[in-house]
There are 2 protein chains.
Amino acid sequence: MLVNRQGKLTAVDQKYPIPLTSSNIRAACAQCSLRELCLAVGLDNEDLHKLDDFVIRRKIKRGQQIFRAGDPFEALYAIRIGFFKTDILTEEGLEQVTGFHMAGEIIGMDGISNDYHVCNATALEDSEICIMPYDQLEELSRHIKSLQQQFHKFMSREIVRDQSLMILLGSMRAEERIAAFLLNLSQRMRVRGYSASEFHLRMTREEIGSYLGLKLETVSRAFSKFHDEGLIGVQQKYIRILNAEGLKALLNHAPS
Amino acid sequence: MLVNRQGKLTAVDQKYPIPLTSSNIRAACAQCSLRELCLAVGLDNEDLHKLDDFVIRRKIKRGQQIFRAGDPFEALYAIRIGFFKTDILTEEGLEQVTGFHMAGEIIGMDGISNDYHVCNATALEDSEICIMPYDQLEELSRHIKSLQQQFHKFMSREIVRDQSLMILLGSMRAEERIAAFLLNLSQRMRVRGYSASEFHLRMTREEIGSYLGLKLETVSRAFSKFHDEGLIGVQQKYIRILNAEGLKALLNHAPS
DNA sequence: CGTGGCATTGAAAACCGTCAAAATCCGTGG
DNA sequence: CCACGGATTTTGACGGTTTTCAATGCCACG
């Protein structure tokens with residue numbers, strides 16, 4: 001990992017492992033605006049406070065990692081504010097992005113199966129997470145049925161998400177992948193109350209390409225083409241969706 | 001879906017939904033040879049019998065489906081004997097295979113998130129499954145900690161499996177994918193006590209291609225090339241691994 | 001022994017990756 | 001505040017890999 005002058009941090013600069021500092025505060029799920037997106041869906045106030053008892057809220061700076069491949073698995077992490085990527089270093093030494101994650105999503109579930117994480121989780125902007133120690137979460141979910149159910153739904157949702165990415169990677173051509181990617185981002189922004197039609201990309205073209213199984217030049221070319229066709233506006237990382245229907249149309253007429 | 005003369009069954013021929021017949025019998029997890037591969041890992045005899053109480057064992061004929069996309073989610077299915085594929089019909093009407101599943105594996109977890117299944121599960125040979133009604137499994141896993149933990153590990157393992165397929169689809173070229181596929185199959189056969197060096201493929205070239213994001217011709221060509229190079233023996237669906245190290249070597253020197 | 005799915009093989013085309021160069025952006029230091 | 005420099009992005013030309021199209025062969029099953 002290298003330094004650049006734009007604030008991306010080295011392994012040395014990163015506070016890692018996450019230190020116990022004054023920025024750690026107890027969560028307050030009952031007051032959290034993401035209550036309906038997060039694990040807490042459907043819990044009453046009493047149960048929410050039981051969650052609060054062991055969930056720790058923490059700020060994460062851009063470039064900082066929550067966990068890395070090989071780290072012992074200890075907790076799941078709910079994103080309160082911000083944007084993360086998860087990636088895996090392949091055996092050939094290439095980084096492959098496995099997901100981009102926004103507020104209300106939970107990361108770290110890959111660690112449950114083998115007691116260590118298989119991917120890295122890195123903040124792509126200044127963020128805030130809720131750390132949920134897994135032993136306690138497991139314990140509590142044995143006592144609160146709706147927490148158990150929500151947790152299972154989150155795991156299953158991750159499986160379904162991964163499978164739709166498999167379909168994207170296995171059956172779509174480059175421009176379809178990019179269109180699907182933009183529409184997916186747009187839709188997730190909408191759910192969170194942000195504008196679905198204009199947003200900043202927090203990741204580089206290379207990271208997008210890695211996620212979609214494409215080279216960065218191909219990503220750039222697709223953006224330019226969509227721009228020329230009036231489907232989107234592109235200014236570096238700032239994207240406007242000008243013709244969502246047009247993007248959707250690219251997905252349906254699969255020439256493959 | 002079409003009939004052919006080799007025993008693949010049509011939707012009409014299939015017994016679907018799975019009927020209540022005399023082929024349904026109570027499971028006997030304590031006696032099951034897959035106890036150490038399945039959800040029952042680590043359970044004592046008393047707890048095993050609690051599982052038996054609601055797990056139903058059933059035979060599934062080749063071509064028959066356990067569930068289909070859109071079906072209400074009711075149960076998870078442990079494979080006792082046999083071989084299954086899961087696939088999704090994409091919006092363009094193409095089938096994409098999302099997984100091949102062997103004895104000891106659990107399918108259906110995609111259904112938890114939305115209360116209906118998103119994929120189809122089809123037997124590729126005569127098989128036997130254990131049906132685990134989900135409500136009861138969830139209930140029991142609140143009372144048996146090690147069952148809860150095993151269940152979570154299975155879900156997480158599915159996530160990790162999907163992610164390694166994402167890496168395969170996103171970063172490997174055709175021959176690497178085929179080599180990885182063969183080695184993966186081989187390894188899973190070994191774990192189950194079968195020969196790791198020779199086995200019958202239960203799926204067609206087209207299904208392999210669909211799974212790996214390749215066309216069937218590309219799969220066939222890779223098989224022929226590996227055959228010519230002495231890495232494998234190929235006679236239709238019968239495969240022999242002649243040089244596993246040679247196959248592994250294909251994975252490490254990624255020219256990409 | 002014929003039929004139909006499945007598999008193999010070849011040739012040409014399409015798509016995307018590679019390589020290379022130029023442009024743009026942005027944080028930093030002067 | 002401006003200029004510098006590295007990272008990122010864009011764009012072009014070319015080449016390689018995989019798909020597409022097409023024809024043939026193979027095998028299991030009736």
Checklist entry - Lys237(A) side chain N/O closer than 4.0 Å to the phosphate oxygens (OP1, OP2) of dC26(C)? => result no
Task: Donor-acceptor under 3.5 Å (Arg205(B) side chain, Gln236(B) main chain) - done: yes
Among the nucleotides dA7(C), dC21(D), dT18(D), whichever has the atom closest to the side chain of Thr204(B) is dA7(C)
Rounded to whole Å, the NZ-C1' distance (Lys215(B) to dG10(C)) equals 19 Å
Ranking dC6(C), dT9(D), dT11(D) by distance to the side chain of Arg221(A), first place goes to dT11(D)
The answer to which of Met172(A) and Glu217(A) contacts DNA chain C further toward the 5' end, by nearest nucleotide, is Met172(A)
Q. When we call it a touch if two heavy atoms are under 4.0 Å apart, what does Ser220(A) touch: a base, just sugar-phosphate, or nothing?
A. base
Assign Thr218(B) to base, sugar-phosphate, or nothing according to its heavy-atom contacts below 4.0 angstrom with the strands shown.
base
With ring centroids as reference points, do Phe67(A) and Phe73(A) lie under 6.0 angstrom apart?
no
Taken to the nearest whole Å, CZ/Phe223(B) to C1'/dT9(C) is 16 Å
* Asked: Are Phe199(B) and Tyr194(B) an aromatic pair by the rule of ring centers under 6.0 Å?
  -> no
Closest of dT8(C), dT18(D), dT10(D) to the Val234(B) side chain is dT8(C)
Ile232(B) CD1 to dA7(C) P, in whole Å, measures 14 Å
Query raised in the report: Does any N or O in the side chain of Thr122(A) come within less than 3.5 Å of the main-chain N or O of Gln64(A), such that one atom is a donor and the other an acceptor?
Result: no
Check your understanding: Salt bridge check: are Arg202(B) and Glu207(B) linked by an N-O gap of less than 4.0 Å?
Key -> no
From CD1 of Ile239(A) across to C1' of dT9(D) the rounded distance in Å is 12 Å
To the nearest angstrom, the CD-C1' distance between Glu206(A) and dT9(D) comes to 11 Å
When rounded to whole Å, the CD1 to C1' distance for the pair Ile208(A) and dT9(D) reads 11 Å
For dT8(D) and Arg205(A) - does any side-chain N or O of the residue sit under 4.0 Å from the phosphate oxygens OP1/OP2?
no
Base dC27(D) paired with Gln235(B) side chain (donor-acceptor, <3.5 Å) = no
Between CZ of Phe226(B) and P of dT8(C) the distance, given in whole Å, is 13 Å
Notebook entry, point to check: When all nucleic acid strands are considered with a 4.0 Å heavy-atom cut-off, which category describes Gly213(A): base, sugar-phosphate, or nothing?
Noted result: sugar-phosphate
note: Lys225(A), atom NZ; dT10(D), atom P; distance rounded to Å ~ 16 Å
Between Phe84(B) and Phe100(B), is the ring centre distance below 6.0 Å?
no
*asked:* Categorize Gln236(B) for me: base, sugar-phosphate, or nothing, with a 4.0 angstrom heavy-atom threshold over every strand shown.
replied: sugar-phosphate
Closest to the side chain of Leu214(B), out of dT18(D), dT10(D), dC15(C), is dT18(D)
* To do: Select base, sugar-phosphate, or nothing to describe what Leu216(B) touches, counting heavy atoms under 4.0 Å on all strands.
  => base
